[in-house]
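Structure first, commentary second.
Because only heavy atoms are used, hydrogens play no part in the values below, and waters and symmetry mates are left out as well, while side chains stay in. Numbered from 1 within each chain, the chains take letters A, B, ... in sequence-line order. What you are looking at is a predicted structure, and each value in this text was computed from that prediction instead of being measured.
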Protein chains: 2
Amino acid sequence: MENRKQAILRAVVHEFTTNAVPVGSQALQSRYFVNLSSATIRSELAELADLGYLAQPHTSAGRVPTDSGYRYFVDFLMDLEPIPDRVQTYIRDELKAAPGDVEGMVERVAMTVAAVTQNASVASAPQGTLARIKHLDLVSLEPKEVLLILLLEGNLLRQQVVNTSEPATQADLTRLTAQFNASLSGRASDEARRHYDGAPLGLEKELLGRVIAVLDMYEKGTENLVVHDGVRNLLRQPEFAESSRVHQVLEVLEETRYLTVLLRQLIGESDLQIVIGSENTSSRLQGCAVVLTTYGPSDRLKGVVGVIGPTRMAYSQTVARLQAVARGASDRMAELGV
Amino acid sequence: MENRKQAILRAVVHEFTTNAVPVGSQALQSRYFVNLSSATIRSELAELADLGYLAQPHTSAGRVPTDSGYRYFVDFLMDLEPIPDRVQTYIRDELKAAPGDVEGMVERVAMTVAAVTQNASVASAPQGTLARIKHLDLVSLEPKEVLLILLLEGNLLRQQVVNTSEPATQADLTRLTAQFNASLSGRASDEARRHYDGAPLGLEKELLGRVIAVLDMYEKGTENLVVHDGVRNLLRQPEFAESSRVHQVLEVLEETRYLTVLLRQLIGESDLQIVIGSENTSSRLQGCAVVLTTYGPSDRLKGVVGVIGPTRMAYSQTVARLQAVARGASDRMAELGV
DNA sequence: TTTGGCACTCTCGCTCCGAGAGTGCTGAAA
DNA sequence: TTTCAGCACTCTCGGAGCGAGAGTGCCAAA
């Protein structure tokens with residue numbers, strides 16, 4: 001596409017994303033192309049419309065980018081907006097104050113992304129394929145009731161009340177704790193399974209069974225953590241003035257089970273994914289754009305974090321800030337050994 | 001107030017809460033008072049309006065309950081709606097599936113309340129004045145990095161990464177763990193403070209300091225957990241058709257710090273509190289009603305759970321179901337020893 | 001290829017109007 | 001004294017009509 005057409009498309013996108021009003025040839029002329037006449041711009045606009053990149057809400061209105069228009073913009077025209085110092089500091093401070101466990105970090109990441117992009121955000125927890133036990137603890141609650149505490153890789157704490165068939169004293173449990181820690185800590189879940197198979201019947205096997213159940217749940221992702229934040233930001237946008245639009249988005253966000261799959265699937269192999277309007281498979285996200293990237297302490301452990309907003313979104317700003325948060329979170333997690 | 005006036009007020013409230021349309025004399029006559037003429041009902045309506053219990057959106061519209069109308073209704077006319085078996089089962093199942101820790105339970109309670117009342121819900125965690133340590137654990141991460149795990153009353157797990165000034169082996173830590181557990185477990189936080197004062201300088205004092213910090217944070221309520229759910233339910237109501245109304249409510253709900261104070265303050269000493277429209281101190285909750293009750297495993301540990309919805313709310317249903325969930329949660333928590 | 005000029009189209013906000021719903025009042029009946 | 005039928009009145013709501021304004025597409029000239 002010729003340079004000038006690109007420049008005009010870029011201008012239309014920029015203008016529309018900031019003002020939310022269809023942009024006409026005169027506005028473009030006075031603000032972007034002073035040395036062109038509005039008639040010239042009009043004919044360019046008409047051609048861009050023929051190419052499918054622009055549309056008119058009605059015959060005598062200005063132009064609005066179509067989904068393909070946005071697509072062309074993010075693929076070829078967008079350059080990342082530099083992040084103001086104020087925002088960078090904010091991101092750093094927020095992440096520094098994050099707690100030392102994965103779950104707390106995921107929430108913090110979602111919060112921060114929502115705040116700096118002024119849209120809704122969604123984040124899933126980094127998750128390896130095999131859970132690793134870092135530490136294990138057994139606490140006697142009642143004679144036949146034991147609290148099992150598991151510390152997994154990522155400083156993830158899991159607890160479960162186990163009703164044992166035989167009574168056990170705290171001393172018994174302390175002994176078992178030492179034994180389990182010696183054989184299991186630092187090991188992946190398959191090690192626990194091997195021990196389980198080899199264990200004699202009784203308390204030991206009972207408890208190992210529950211350990212495995214917890215690990216399983218984590219690995220199978222049935223307890224996969226997905227959080228979202230910043231829906232209130234959407235309410236500020238004119239495209240969400242009728243609350244039914246918000247309702248649709250909320251429905252997607254609150255359907256946690258589906259969402260976690262969706263995120264993994266969307267992100268695929270790439271490190272940055274932008275899904276615009278009709279490209280969304282879910283009809284409830286029509287009119288919305290989703291920007292996703294990955295984050296995590298290592299290549300093995302990657303979570304997904306993303307922004308959901310109207311297609312009329314400041315993509316260059318959103319992408320820059322989203323990536324900044326993702327990078328910051330990854331660094332912080334590596335640093336914390338999470 | 002005469003019986004008939006009461007009956008009419010009750011009918012107006014009932015009719016309006018179900019249809020969200022101002023109710024006229026004819027509608028009342030045909031559906032509730034077949035043996036009265038609409039003219040008679042009209043004069044009663046006029047008197048109820050004079051008393052301040054009803055209002056007209058405009059001269060020739062039907063009547064709508066005022067805030068005082070709702071107030072009179074909940075104080076004198078409301079009788080709790082029986083809860084269908086289906087709903088009772090749902091509540092029981094949801095609570096049964098709740099995890100064995102306070103935080104998980106709070107979330108479950110909020111979710112369940114939102115689901116059965118079809119409004120937004122909010123819940124704060126039960127909190128005693130003094131934190132009790134149930135169990136403590138120390139895990140070596142790096143030579144000079146220790147993960148402190150605290151199990152508090154209510155099966156609340158707290159963790160913190162501690163950077164120690166001197167290196168410590170896991171054996172050192174295991175020894176300290178045993179010592180701490182012997183002296184602290186089952187004890188309130190003041191015991192920890194006494195030990196801290198008496199402890200010699202070094203690793204022991206360092207770690208005890210962090211234990212106290214965690215307990216402090218919990219007791220001072222700076223980390224007070226408040227969750228909310230079901231905002232999407234509000235979006236279904238006509239009074240929230242303009243999204244700015246939702247926005248205001250969301251702002252209140254997301255201001256967690258303020259909310260926890262507000263809840264405690266609103267509930268005061270009573271066990272059921274209903275705040276209707278203008279009775280709310282927050283201007284952002286105008287047009288909204290808040291129904292609150294307490295729940296928790298014991299008299300010492302009480303949290304607050306509530307419903308937020310339009311003033312046009314099915315009070316008799318809301319109150320009944322809210323109380324049912326609160327009772328169920330209390331029982332379940334007592335049972336779990338949370 | 002660009003540009004000024006011009007006719008054309010469509011929205012938006014405004015007013016006007018009639019239908020419909022619901023009220024308040026009045027005078028008579030119970 | 002209460003109830004009620006009848007009636008005039010008020011107000012909303014939706015649709016129609018209209019003018020202003022914004023923006024376009026096209027054309028002929030530079």
_Closest to the A:Thr40 side chain, choosing from C:dG4, C:dT2, C:dG24_ = C:dT2

_Selected nucleotide, minimal atom distance to B:Arg42 side chain, candidates C:dC25, C:dT3, D:dT12_ = C:dC25

*According to a strict under-4.0 Å criterion, is A:Arg4 in side-chain N/O contact with OP1 or OP2 of C:dT2?*
yes

*asked:* For a quick test of reading the model: is some side-chain N or O of B:Arg63 closer than 4.0 Å to OP1 or OP2 of C:dG24?
replied: yes

*Angle class for the A:His14/A:Tyr32 ring planes (parallel below 30°, perpendicular above 60°, tilted otherwise)?*
perpendicular

May I ask you to say what [X] touches in the nucleic acid, namely base, sugar-phosphate or nothing, with a heavy-atom cut-off under 4.0 Å?
X	answer
A:Ala61	sugar-phosphate
A:Ser25	sugar-phosphate
B:Gln56	sugar-phosphate

*Closest-nucleotide 5' rank along DNA chain C - winner of A:Ser37 and B:Thr59*: A:Ser37

*Side-chain donor or acceptor of A:Ser60 under 3.5 Å from a matching atom on the base of C:dT9?*
yes

Output the rounded distance in Å from [atom1] ([X]) to [atom2] ([N]).
X	N	atom1	atom2	result
A:Phe33	C:dT3	CZ	P	13 Å
A:Glu44	C:dT1	CD	C1'	11 Å
A:His58	D:dG25	NE2	C1'	15 Å

*Give me the one residue out of B:Arg4, B:Lys5, B:Arg42 that meets salt bridge (charged side-chain N to carboxylate O under 4.0 Å, His left out) with B:Glu47.*
B:Lys5

_Side-chain donor or acceptor of A:Gln273 paired with backbone N/O of A:Ser270 under 3.5 Å_ = no

*asked:* Less than 4.0 angstrom from a charged side-chain N to a carboxylate O is my criterion; do A:Arg245 and A:Glu239 meet it?
replied: no

